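Everything quoted here is computed from the prediction, not taken from an experiment. Side-chain atoms are counted along with the backbone in the values below, which use heavy atoms only and exclude waters and symmetry mates.
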Protein chains: 2
Amino acid sequence: MISRDHATLRLAVDLAILTVRESALQVLTITRANDPFRGQAALPGGFTRTDEGIEVAAKRELLEETGLDGAGMHLEQLSVYGEPFRDPRGRVVSVPYLAIMPDLPVPTAGSDASTAAWRPVAEVRGTLAFDHDEILDEAVERARRLLEFTTLATAFCEPVFTIGDLRAVYETVWGEPLDPRNFSRKVVNTEGFVEETGEKRLPGVGRPAALYRPGGQKDLNPPILRTR
Amino acid sequence: MISRDHATLRLAVDLAILTVRESALQVLTITRANDPFRGQAALPGGFTRTDEGIEVAAKRELLEETGLDGAGMHLEQLSVYGEPFRDPRGRVVSVPYLAIMPDLPVPTAGSDASTAAWRPVAEVRGTLAFDHDEILDEAVERARRLLEFTTLATAFCEPVFTIGDLRAVYETVWGEPLDPRNFSRKVVNTEGFVEETGEKRLPGVGRPAALYRPGGQKDLNPPILRTR
DNA sequence: AGCCCTTATCGTCCAGATGACACAAATTAC
DNA sequence: GTAATTTGTGTCATCTGGACGATAAGGGCT
């Protein structure tokens, strides 16, 4: 007994690419060139192709939209959005991914990327096409949790960074100030979070800070919990 | 410039329904009646229908396979499985859900459910059709994490339960023994985890235990972390 | 009844983690 | 030189969680 009422549909991947930039949590948005929602901001994304895996499609879109090779990059899958009428063109199910990257120059490469721009999350919230506002909210919430339980904060930083840089990431993403001294102690004492390079950076002002690179550990144990 | 190479595909929902039964973590499996993988064990599931949301489809399948109304039940979406050739019949992308329920009688209602049976996870691991082994592994891992950070352990229990019942859930899912005294202290002192009923249960042996029902809180703060 | 066995529950102790914060160190701005 | 700024070390009180002793409350047994 096989019901033939099987929905056939297209699968989209959408990207919530976050960075910390100018002391704010920012997201990469594009301006839609076509209907529906022409002219409105949206998350970059596109359809999966025949015989293409989903994460492969996400990395391809990432490359097309930002010119960046996501080969080594951490892509975190968010929950699927599949409301029947979420896309006026027909049944489209979206698999959104969260990507995290350092503050790189505004992307320019790729045909679709001409309208791509970093914009503060606080500013775009509530203005995106489709159900991308929900996706963005989920991405931000996921990022906050990832900072608690993984070392992924280093993905927001350049390959080499100071503890102060790392703290700025936490403070910006969480939206709350942290004690520099306790934070430093915590990070340095956590095995595998960061690794000393021996170098120091001269900031504009203040004492030079030791430079670190990401340690080998992915999970953070014990976690760095927010006080709620 | 629109590429027309858009994969059209069918969307399946699969259910990893877990329970604690006979001191073991068990999963509801069906025996496939049709090719491919005819006669082999698999997770219950089916295709989404036209104009049907994904979670709605999951709850419908749950009802069809187990005869249980998943209306109030917590369904946790796992990560999407979309390898191009994961299903020999064509492009099928699966959205798996984790469901948790108390030890109910073996389900019998529903046409597809005639072959449904609880089986220990340890026993079925590695024997499932499609990529359902991977899905099951992810479901178990997710369940373990949920016990750490949410009050979802109560979903494994009857509507009214003892702290000992709850501890048995943790011990079975985590696969490690816990100190009854510390566990009790932790649970009772955590605001909103459990709520006293005032009743007691007379077990076959030992001192009567106070009965509780689930508290209002969903998140567990602070979490109950496994010692790793 | 009296004893033992079992499970539940309370209390104590201590090690380790965390928050608050004083203070020293190393640089730039003036 | 002095002030300002940021980094980093140290201290201390508090809280949490693990280990575990002791007591409570039932049933089964003799």
Between [atom2] of [N] and [atom1] of [X], the distance in whole Å:
| X | N | atom1 | atom2 | answer |
| --- | --- | --- | --- | --- |
| A:Phe183 | C:dA20 | CZ | P | 15 Å |
| B:Asn182 | C:dC14 | CG | C1' | 13 Å |
| A:Leu178 | C:dT18 | CG | P | 13 Å |
| A:Arg185 | C:dC21 | CZ | P | 14 Å |
| B:Phe161 | C:dA8 | CZ | P | 14 Å |
| B:Asp165 | C:dT7 | CG | C1' | 12 Å |

A:Pro96 side chain near A:Leu43 side chain, heavy-atom distance below 4.5 Å:
no

Testing A:Val27, A:Asp14, A:Leu62, A:Ile30 for side-chain contact (heavy atoms from CB on, under 4.5 Å) with A:Pro44, which one passes?
A:Ile30

Within the structure shown, what part of the strands sits under 4.0 Å from B:Thr227 by heavy-atom distance: base, sugar-phosphate, or nothing?
sugar-phosphate

Report yes if a donor N or O on one partner sits less than 3.5 Å from an acceptor N or O on the other, where the partners are the side chain of A:Arg181 and the base of C:dA22; otherwise report no.
yes

Kindly say whether, by distance alone, the side chain of A:Arg207 makes a donor-acceptor pair under 3.5 Å with the base of C:dA26?
no

With DNA chain D as reference, determine whether B:Val205 or A:Lys200 sits nearer its 5' end, using the nearest nucleotide of each.
A:Lys200

5'-most contact on DNA chain D (nearest-nucleotide basis), B:Ile224 vs B:Asp179, goes to B:Ile224

Would you say a side-chain N or O of A:Lys186 is under 4.0 Å from OP1 or OP2 of C:dA17?
no

Does C:dA8 have OP1 or OP2 sitting under 4.0 Å from an N or O in the side chain of B:Arg167?
yes

Residues B:Arg144, B:Glu141; criterion salt bridge (Lys or Arg N to Asp or Glu O under 4.0 Å); working and verdict
CA-CA 5 Å; B:Arg144 290 189 173 134; B:Glu141 203 44 57; 3.6 Å; yes

Tell me the side chain to side chain donor-acceptor pair (under 3.5 Å) pairs involving residues 166-178 of chain B, sequence neighbours left out?
B:Arg167-B:Glu171

Along DNA chain D, first and last positions that approach a heavy atom of chain A under 4.0 Å
D:dT5 to D:dT11

